[in-house]
Student: 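My questions all concern the structure below.
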Protein chains: 2
Amino acid sequence: MKPSVVTIEPNGHFCSDCGVRASAVCSSLDPAELGEFEHLGRRVHFSSGETVFSEEDITTSFYNVLEGVMRLYKLLPDGRRQIVGFALPGDFLGMNLSGRHNFSADAIGAVTVCQFAKAPFGRFVEDRPQLLRRINELAIRELSQARDHMVLLGRRSADEKVAAFLLVWRERQPAPKGPSDTVPLPMSRQDIADYLGLTIETVSRTFTKLERHGAIEIIHGGISLLDPARVEALAAA
Amino acid sequence: MKPSVVTIEPNGHFCSDCGVRASAVCSSLDPAELGEFEHLGRRVHFSSGETVFSEEDITTSFYNVLEGVMRLYKLLPDGRRQIVGFALPGDFLGMNLSGRHNFSADAIGAVTVCQFAKAPFGRFVEDRPQLLRRINELAIRELSQARDHMVLLGRRSADEKVAAFLLVWRERQPAPKGPSDTVPLPMSRQDIADYLGLTIETVSRTFTKLERHGAIEIIHGGISLLDPARVEALAAA
DNA sequence: AAACGCGATTGACCCAGATCAATTTTGGCA
DNA sequence: TGCCAAAATTGATCTGGGTCAATCGCGTTT
C-alpha cells in the first residue's frame, strides 16, 4: 500500500468554491486573505490505500482534507496497529512539535487533500491570529475526541465499543436530509478492529450478534440502524 | 472527595519568581506583559483528593498547574473510570470548545494552581498571538501524548502497559541530578489501574512480578528501577 | 462460467486479565 | 502504643475476547 502515482493539480481551483470552505481552517479567513491563501495550497489526489505521510517522516507539509476518508494510525515494532482516528473533509493534519509526524495517514478510498508547504504556511499564519485561533480550535476538538476514545479503549466492552463506534460515526456523516439511520462504513473490518482495540473476528461477531438481535442490519458498505435506541442503550451502558 | 476548604491568596506572589515561569503558558510573555498578566491569575491551593473542576461543569476558569499532581478523568454512568492523564506543574487546563469541561480534575496530594477567570484571560490572549501560539503548542503536545496513550490502551499487554507507564512517568519527572532510576508514584494503585485500563489487582501483581524478576524494587512512594534496560525491553516489545 | 483471491464470517478452543475473596501492610490518630 | 480504616497484596476461579482454522460470499480475471 505504498504510494504509486499521485495526481497533482497545480491550480485551476478556487478556495471560494471549495467544499470545506466553511468548516476547515480556511473558515477563519476573509475573502481578501483567501486570495493569497489560494497560492499556498495545491490539490493532491490519493487513491485507495496510498500513504499520504508516515510516522517519523520529517514534516514538510500540512494537509487539509477536502474529500474522502483517511485512517490515522501508529504501529508497534511487532506490527500491532492502533488507529488513532479517521480524518474526514475539513480536518487539518500535520501539526506537531517534534518536526516529525507522530502518526501515519493513508487514504481509505479516493482522497483529495489541500497540501501546504510547511514554511510558507507557517509564515502566513504568523501574522494572522484568527487562523492560528482556528487551528487551535481544531486541535482542542481533536483532543476532546481523543479523550473520549481513551475511555472507549480502556473501559468499554466489545459490544459497547462497536455500538459507540456506529453512533459516533453516524454523527460525523454530513446529514443529507435528517439524521439517516444508514451508517456508511468505507473502512474495512480490520480498520474498525484496530480503531476499537479489538480483533477482526470480534468486530464481525459483534455485528452479527447485533443483527441477530434486530438492532442493526449489515448492508453492503455499511450498517443500517434498525433500532437506534437499542444501539444507544448498548453504547451508553 | 469533594472540595471542602480552599485557600486563596489574593496576591503576594510574582510571576517573575514563579516555579513554572519557564515552561508554562507564561513563558511566551515578556517581562512587561508579565506585569499585566500577574493581575489576572490568583494562586489557589487544593489539598489531597479535592476536586478542582468536574466534567460537564461550565468552564469559568483556566488553570495553570504550579505545584503538585492532578488526575484528569472521565466517568461512565455506571462508575467505571478512565484517567485520561496526569497534570504536572506547567500544564494548562480548561481549554474546550463546548463551554464545559470535558473531564474532571482532582488533586493528588497538595496542589497549587494559578487560576484565571475565563473572560479576562480570553481578552488578554486576544491581542497576544505569542501566548495563543504557546497555548497551541501545549495542546499539540497533549494531543501527541493522547495518541501514544491510545496505542497503549488499545494494543499493549498488561506487562507492557505497566513497564511503559514507569518509563513515561520517570521521563516526566524534573531531573534533579541526572536521570534518576527512582520513580516516585504519588498516585494510588487504583489511579494507575484506571490510567492503564487495568484492574488494581493486575497492576499490583505486575509490580510484584517485575520485582521478583529483579527488574524493579517496590519502595515507599514509588518504584526503583533496578534494571532499566529490562523494563525498557518490556515496554518496547 | 469456472477459477481465483481476498475480505468477512463462523466455529472450536484457549488464556490474559477480570472477578471474587481473603489476608497483610500502612498510615493516621486517640 | 495500640486501634482502626483504607490501601495493597495475594490466592482461587471465571470469562470475554483472542487465537487458530475453516468456510463463505463476491467481485475479477480469463
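All chains are named by letter (A, B, ...) in the order of the sequence lines, taking the proteins before the strands, and each is independently numbered beginning at 1.
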Student: Passes side chain to side chain contact (heavy atoms under 4.5 Å, CB included), A:L234 versus A:L210? Steps please.
Tutor: CA-CA 10 Å; A:L234 261 175; A:L210 289 177; 3.2 Å; yes
Student: Between the two ends of the helix from C:dA1-D:dT30 to C:dA30-D:dT1, what is the bend in degrees, rounded to 10 degrees, where each end axis spans five pairs?
Tutor: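 Here the local axes at opposite ends form an angle of 30°.
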Student: Determine which pairs satisfy ring pair (Phe, Tyr, Trp, His ring centres under 6.0 Å) with at least one residue from residues 205-232 of chain A, sequence neighbours left out, and list them in order.
Tutor: none
Student: Tell me which pairs pass side chain to side chain donor-acceptor pair (under 3.5 Å) where either residue lies in residues 146-161 of chain A, with sequence neighbours left out.
Tutor: A:R147-B:E142, A:D148-B:K74, A:R155-B:D194, A:D159-A:K209, A:E160-B:R80
Student: Heavy atom of residues 194-216 of chain B under 4.0 Å from DNA chain C: which residues?
Tutor: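 Hits under 4.0 Å, by residue number: B:G197, B:L198, B:T199, B:E201, B:T202, B:R205.
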Student: Please confirm whether the backbone N or O of B:Y195 pairs with a side-chain atom of B:Q82, one donor and one acceptor, at under 3.5 Å?
Tutor: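 It does hold such a pair.
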Student: Heavy-atom distance under 4.5 Å between the side chains of B:L196 and B:L152, does that happen here?
Tutor: yes
Student: Give me, pair by pair, the N or O atoms of the protein and of nucleotides 26-30 of chain C that are less than 3.5 Å apart, along with how far apart they are.
Tutor:
| residue | atom | partner | partner atom | Å |
| --- | --- | --- | --- | --- |
| C:dG27 | OP1 | B:H220 | ND1 | 3.0 |
| C:dG27 | OP1 | B:H220 | NE2 | 3.2 |

Student: Can you check the B:I219 CD1 to C:dT25 P distance for me, whole Å?
Tutor: 19 Å
Student: Can you measure A:I218 atom CD1 to D:dC24 atom C1' for me and round it to whole angstrom units?
Tutor: 14 Å
Student: To the nearest Å, how far apart are A:R156 CZ and C:dA18 P?
Tutor: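 Computing the A:R156:CZ to C:dA18:P distance gives 17 Å.
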Student: Within the side chain of B:S54, is there an N or O that forms a donor-acceptor pair under 3.5 Å with the backbone of B:S104?
Tutor: no
Student: Distance check needed: C:dA8 P versus A:Q190 CD, whole Å only.
Tutor: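 So the CD-P distance, A:Q190 to C:dA8, works out to 9 Å.
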Student: For A:M187 and A:R155, find the nucleotide of DNA chain C closest to each by heavy atoms; which residue's nucleotide sits nearer the 5' end?
Tutor: A:M187
Student: What's touching nucleotides 14-16 of chain C from the protein side, N or O pairs under 3.5 Å?
Tutor:
none

